[in-house]
Amino acid sequence: MARIEVRGLRVDLGGRTILHDADLSVAAGELVYLLGRNGAGKSTLLRSVCGMVTPSAGTVTLDGTPVRRLGSPARRLGMHLGIEPVHPGHTARRHLRWIAAAAGIDRARVDEVLERTGVGAYGQQRIGDYSLGMRQRLGIAAALLPDAGALVFDEPLNGLDVEGIVWLRELLTGLTAQGRAVLVASHLLSEVARSADRVALVDDHRIAAALSVAEFTGDHPDLETAYLAALTEPVTA
Ligand SMILES: Nc1ncnc2c1ncn2[C@@H]1O[C@H](COP(=O)(O)OP(=O)(O)OP(=O)(O)O)[C@@H](O)[C@H]1O
């Protein structure tokens, strides 16, 4: 349904180079997890994919079109980039209706994603009073609103309870089974190992490796050991 391509991406922020020469592709039907230390640049890469960061060099395309030239990026890409509500006094339904209206998305989608994410059960509660896991589900609901061919999630697992983690795994693998390209940043390697088609390591300001979990793990006993080793020595498939 969609393909995300990042080529030669360079991002400078606050006078520092955050990313350079970063290459990554996420094919239709692929679930790719971004790994890397705190501050490595995962969120910056995701924000670049969503056209929210202006690169100093390189290109980010969705099905060949530069994301910053997409007429309606909020309808072409599902985005969950953070969990801080803009209007903490809103209910989930009002929050999602507000996003749908801003993006030109059919209001009927709001009830569909409320139902699909379980957020509808939170009723009239103000989102400013939500728990961490409830805010995550609301962010995930917002990403599902446009029914897009490509979706991006920044640390969506944080704060989810065990049922929520299983639910999200099934949701993400279901989205890719429908042919969508899905890119997720996470530190939860046990979960990544269960469901990723590929992992991409952000290190030293670039994509240091982009491999299947089996290739990345190599001769190491598990993904975590391989990840820690990869931070000190280059990974080769
Ligand atoms: N607007 C900005 N201005 C200046 N520096 C920024 C800005 N946004 C991010 N940075 C810096 O870019 C670097 C990468 O940050 P980023 O949030 O992309 O890392 P991350 O890999 O997502 O980290 P984490 O795992 O902690 O979420 C950090 O050093 C951060 O301070």
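Counting starts at 1 for both ligands and their atoms, in listed order. Nothing here was measured: the structure is a model prediction, and the numbers come from that model. Heavy atoms only: backbone and side chains are in, while hydrogens, waters and symmetry mates are out.
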Legend entry - Per-atom contacts of ligand 1 with H187, taking only distances under 4.0 Å to non-hydrogen atoms: 25 (O)
Legend entry - Heavy-atom proximity to atom 3 (N) of ligand 1, best of V202, L34, L45, L13: L13
Legend entry - G36, any N or O under 3.5 Å of ligand 1 N or O: no
Inset, instruction - For the pair R116 and D111, find out whether any cationic side-chain nitrogen is under 4.0 Å from an anionic carboxylate oxygen. - result: no
Legend entry - Salt-bridge criterion met for D21 and R10 (N-O under 4.0 Å): no
Inset, instruction - Using a 4.0 Å heavy-atom threshold (strictly under), name the region of I18 that reaches ligand 1: side chain, backbone, both or neither. - result: side chain
Legend entry - Close approach of R47 to ligand 1, heavy atoms, under 4.0 angstrom: no
Inset, instruction - Can you sort out which atoms of ligand 1 are near R37, meaning under 4.0 Å from one of its heavy atoms? - result: 21 (O), 25 (O)
Inset, instruction - Can you sort out which atoms of ligand 1 are near E155, meaning under 4.0 Å from one of its heavy atoms? - result: 24 (P), 25 (O), 27 (O)
Inset, instruction - Enter the distance from E233:CD to L228:CG here, rounded to the nearest 0.5 Å. - result: 11.0 Å
Legend entry - Reported OG-to-CG distance for the pair S195 and L31, which is rounded to 0.5 angstrom: 5.0 Å
Inset, instruction - State the atoms of ligand 1, each with its element, that fall below the 4.0 Å cut-off from a heavy-atom position in T44. - result: 14 (C), 15 (O), 16 (P), 18 (O)
Legend entry - Nearest protein heavy atom with distance in Å, relative to atom 26 (O) of ligand 1: N38 ND2, 3.0 Å
Inset, instruction - Give the residue, atom name and distance (to 0.1 Å) of the protein heavy atom nearest atom 29 (O) of ligand 1. - result: R16 NH2, 2.7 Å
Inset, instruction - May I ask you to check whether over 12 heavy atoms, not counting those of E115, lie within 6.0 Å of atom CD? - result: no
Legend entry - From H187 atom NE2 to Y227 atom OH, the distance as rounded to the nearest 0.5 Å: 7.0 Å
Legend entry - For atom 17 (O) of ligand 1, the protein heavy atom that lies nearest, with its residue and separation: S43 CB, 3.5 Å
Inset, instruction - Step by step, work out the side chain to side chain donor-acceptor pair (under 3.5 Å) result for T91 and R126. - result: CA-CA 5 Å; T91 62; R126 292 160 20 100; over 6 Å; no
Inset, instruction - Can you pull out the closest protein heavy atom to atom 14 (C) of ligand 1? Residue, atom name and distance to 0.1 Å, please. - result: G39 O, 3.2 Å
Inset, instruction - Kindly give the heavy-atom pair with the smallest separation between L160 and R137, and that separation in Å. - result: CD2-CG, 4.2 Å
Inset, instruction - Say whether R68 and T54, considering side chains only, have a donor N or O and an acceptor N or O under 3.5 Å apart. - result: yes
Legend entry - Under 3.5 Å: N/O of A40 near N/O of ligand 1: yes
